[in-house]
Number of protein chains: 2
Amino acid sequence: MTKPHASDPRRTLTLRDVSEASGVSEMTVSRVLRNRGDVSEATRERVLEAARSLGYVPNKIAGALASQRVNLVGVIIPSLSNMVFPEVMTGISEVLEDTGLQPVVGVTNYSPEREEAVLYEMLSWRPSGVIIAGLEHTPSARAMLENAGIPIVEIMDIDGTPVDSAVGISHRRAGRQMAEAILAAGYRRIGFLGTKMPEDHRARKRYEGFVEALAEAGVELADQEFYSGGSALLKGREMTEAILKRTPDLDFLYFSNDMIGAGGLLYCLDKGIDVPGTLGLAGFNGVELLDGLSRKLATMDACRKEIGRRAAEIVAGKHEGIIGGEVVELTPTLEPGDTIRRV
Amino acid sequence: MTKPHASDPRRTLTLRDVSEASGVSEMTVSRVLRNRGDVSEATRERVLEAARSLGYVPNKIAGALASQRVNLVGVIIPSLSNMVFPEVMTGISEVLEDTGLQPVVGVTNYSPEREEAVLYEMLSWRPSGVIIAGLEHTPSARAMLENAGIPIVEIMDIDGTPVDSAVGISHRRAGRQMAEAILAAGYRRIGFLGTKMPEDHRARKRYEGFVEALAEAGVELADQEFYSGGSALLKGREMTEAILKRTPDLDFLYFSNDMIGAGGLLYCLDKGIDVPGTLGLAGFNGVELLDGLSRKLATMDACRKEIGRRAAEIVAGKHEGIIGGEVVELTPTLEPGDTIRRV
DNA sequence: CTGAAAGCGCTAACAT
DNA sequence: ATGTTAGCGCTTTCAG
């Protein structure tokens with residue numbers, strides 16, 4: 001076997017190298033590098049100088065194993081490509097920045113199996129906490145979350161039973177609220193346009209709440225249309241054309257997200273359809289991205305950034321009084337924009 | 001001191017727990033869980049059963065320390081919120097999926113200092129490779145990359161000197177190419193609209209290439225306008241209004257990205273400006289997101305997904321023949337869309 | 001095919 | 001203020 005710390009030039013530097021270069025014990029070097037414990041200014045300088053000139057980068061793997069502490073927070077989300085999760089991430093990052101914790105993102109593509117795998121992988125790094133989208137998980141994933149022994153925050157949705165803490169909105173209620181606003185504005189021939197995603201439980205709950213509230217007013221969905229894949233804007237356009245062709249007397253279209261809603265709006269403007277007179281439109285999410293369209297689509301803000309912030313605060317233990325099991329319900333606000341008739 | 005493995009119910013499970021539960025040595029348990037070495041079918045079963053029923057999740061921290069191997073690839077990008085990097089991520093993920101490697105994302109918000117900090121943090125976890133956007137880094141960051149002793153791939157841009165490997169396009173050339181196409185179509189009074197981001201070197205290089213190529217044809221930029229922050233679509237609209245008010249005889253607007261370009265296009269359509277007759281428009285990126293506008297904006301595909309794929313392949317060592325220092329130049333294609341006059 | 005011993009690079013806990 | 005010792009939980013290596 002080779003001597004310990006043989007002069008292999010490709011080996012990465014260790015604390016020991018810094019210790020030797022500075023003539024200070026490994027332990028003291030460690031203290032300096034972590035700003036822990038009292039170290040004289042003189043030795044601190046020498047150590048930092050040595051570390052810098054060698055280009056030493058601490059090995060967190062060893063540090064984490066020894067200290068049983070990992071400054072990582074796992075964040076598990078379905079997708080990065082729809083504008084909603086990046087905003088959640090922004091909220092999370094903002095809060096974690098001052099805590100020494102670092103978010104690590106995993107993406108599931110709305111697949112429960114993938115979610116389970118990503119979670120397993122993450123937990124195997126023993127993070128300090130997990131923030132995960134949604135309340136629906138495989139039994140196995142749920143068991144892992146329950147047994148992880150760290151703060152777990154399920155985000156976006158509160159219609160269900162969380163493993164530990166939850167921060168989000170009631171999508172069922174959001175759907176109801178939109179239905180009520182639409183009915184109040186006098187629309188009655190209402191169509192729904194959404195995604196073909198059985199695993200998007202939040203969209204599903206909005207749909208259910210929407211239909212429920214219509215039913216209570218004795219109104220049934222006049223038609224519906226679903227899509228999957230492709231550019232959402234374009235799909236919104238195509239679906240709108242299709243549903244209007246099939247059911248020309250619709251007076252309102254409720255889209256399950258703002259992007260397809262915007263596509264629908266653009267279609268209507270191109271066709272010279274009177275919005276919101278002849279046809280009202282609404283989406284969901286409140287994506288700032290779309291500010292700049294000629295007409296502002298009615299929508300409902302999903303409190304994305306705030307959800308990220310609150311979840312991060314819980315993981316970071318900013319609510320010392322509470323041990324966990326906190327449920328934070330945020331209230332989305334309806335933004336009527338220019339596509340619902342004012343009454 | 002407490003006994004080793006005292007019955008603390010909150011302690012996370014170790015290999016030893018599985019070993020005891022299955023009556024097999026830790027070593028053999030480890031072999032089963034990693035599918036390494038020969039293990040009889042009988043013991044394999046027993047071990048897996050024990051691990052499953054206990055809910056054991058391996059500790060990768062310990063594993064990584066012992067094996068000196070980490071299946072993580074650091075990916076450092078400026079932003080998640082502009083549609084270009086999520087696509088790069090998709091390419092990376094697709095390739096890494098079959099390699100056992102896992103991407104870990106760090107975001108710099110276009111700040112060199114933040115980039116340095118994120119890189120340091122990442123390297124301290126000893127990843128198997130790093131994929132990082134751009135060729136411009138702080139001296140300290142560059143030194144870290146050079147000394148990391150792992151594959152480094154700088155992506156998006158190849159106008160410069162890479163630390164190790166690089167995959168991207170020449171933004172300078174992309175700018176030139178667009179200028180040439182615009183000139184060829186007969187436009188002469190050309191305005192530029194971009195972001196106020198000194199650290200977005202790729203946008204800067206496109207601008208430089210663009211201006212250079214104009215100069216060679218004896219044409220100067222007639223006007224320019226810069227923005228920062230806010231909804232890109234809206235900003236594009238506002239900037240377009242501003243620049244046209246100031247310099248009404250412009251016959252072409254070159255936008256530094258598709259989102260502000262789309263804002264400009266919407267503005268022109270609203271105002272009834274004849275596009276591309278009176279005024280031509282072009283952006284950059286080729287974001288699929290915008291398919292669905294009434295008119296397709298001229299743009300240039302930045303090969304985002306392909307860049308991600310190629311970078312991941314290099315990190316994963318799929319090009320065994322080559323030791324590193326590979327530079328892959330991709331060629332963006334001009335998509336004239338409906339906003340440049342056909343000649 | 002299975003097991004025992006020896007660390008990986010660091011830090012907690014205890015000296016001094 | 002600084003040093004010493006003993007692991008953290010796993011895998012490598014070497015014996016059976």
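Convention: sequence-line order gives letters A, B, ...; per-chain numbering from 1.
Under 4.0 Å is where a charged nitrogen must lie from a carboxylate oxygen, and between A:Glu326 and A:Arg310 no such pair does.
Proximity of A:Ser40 to the phosphate of D:dA1: no side-chain N or O atom is located under 4.0 Å from OP1 or OP2. Side-chain nitrogen and oxygen atoms of B:Ser25 include none within less than 4.0 Å of the OP1 or OP2 phosphate oxygen of C:dT2. Within the structure, every side-chain polar atom (N or O) of A:Arg69 is placed at least 4.0 Å from both OP1 and OP2 of C:dC10. Distances shorter than 4.0 Å separate none of the side-chain N or O atoms of A:Ser67 from OP1 or OP2 on C:dC10. Within the 4.0 Å cut-off from OP1 or OP2 of C:dG9, not a single side-chain nitrogen or oxygen of A:Tyr56 is found.
Of the candidates D:dC10, C:dG9, C:dT2, C:dT2 carries the atom nearest the B:Thr28 side chain, counting heavy atoms from C-beta on. The side chain of A:Arg34 approaches C:dT11 more closely than any other nucleotide in the set C:dT2, D:dT2, C:dT11. In the set D:dG9, C:dT2, C:dC10, D:dG9 carries the atom at the smallest distance from any side-chain atom of B:Thr14.
Put simply, the side chain of B:Arg31 and the base of C:dG3 share a donor and an acceptor less than 3.5 Å apart.
The two residues B:Glu116 and B:Ser140 have their closest heavy-atom pair at OE2-OG, 3.3 Å. Nearest approach of A:Arg11 to A:Thr14, heavy atoms of both residues: NH1-CG2, 4.0 Å. When every heavy atom of A:Val105 is checked against every heavy atom of A:Met122, the shortest pair comes out as C-CE, 3.7 Å.
Whole-Å rounding puts the A:Lys60 NZ to C:dT11 P distance at 10 Å. Between the C1' atom of C:dG9 and the CH2 atom of B:Trp125 lies a distance of 13 Å, rounded to the nearest Å. Rounding to whole angstrom units, CZ of residue B:Arg16 and P of C:dG3 are separated by 15 Å. The nearest whole Å value for the distance from the CD atom in B:Gln68 to the P atom in C:dC8 is 8 Å. Between the CD1 atom of B:Ile61 and the C1' atom of D:dC8 there is a distance of 10 Å, rounded to whole Å. What separates CZ of B:Arg44 from C1' of C:dT2 is a distance of 14 Å, to the nearest Å. Atom CD in B:Glu45 sits roughly 13 Å away from atom P in C:dT2 (whole-Å rounding). Here the C1' atom of nucleotide C:dG7 and the CE atom of B:Met27 are 13 Å apart, to the nearest Å.
For B:Ala62 and B:Glu26, each mapped to the nucleotide of DNA chain C holding its nearest heavy atom, the one lying further toward the 5' end belongs to B:Glu26. Toward the 5′ end of DNA chain C lies the nearest nucleotide of B:Thr43, the other residue of the pair B:Leu65 and B:Thr43 mapping further downstream.
No side-chain heavy atom of A:Val73 sits under 4.5 Å from any side-chain heavy atom of A:Pro127. Residues B:Arg52 and B:Glu49 are in side-chain contact: their nearest non-hydrogen atoms beyond the backbone lie under 4.5 Å apart.
B:Glu87 pairs by the salt bridge (charged side-chain N to carboxylate O under 4.0 Å, His left out) definition with B:Arg304, not counting sequence neighbours. Listed by chain and residue number, nothing satisfies the salt bridge (charged side-chain N to carboxylate O under 4.0 Å, His left out) test with B:Glu313 (two or more places apart in sequence, or in another chain).
Using a 4.0 Å heavy-atom cutoff across all strands shown, B:Arg36 reaches no nucleic acid atom at all. As judged by a 4.0 angstrom heavy-atom cut-off over every strand, A:Asp38 is placed among the base-contacting residues.
The overall bend of the helix from C:dC1-D:dG16 to C:dT16-D:dA1, read as the angle between its terminal helix axes built from five base pairs each, is 30° when rounded to 10 degrees.
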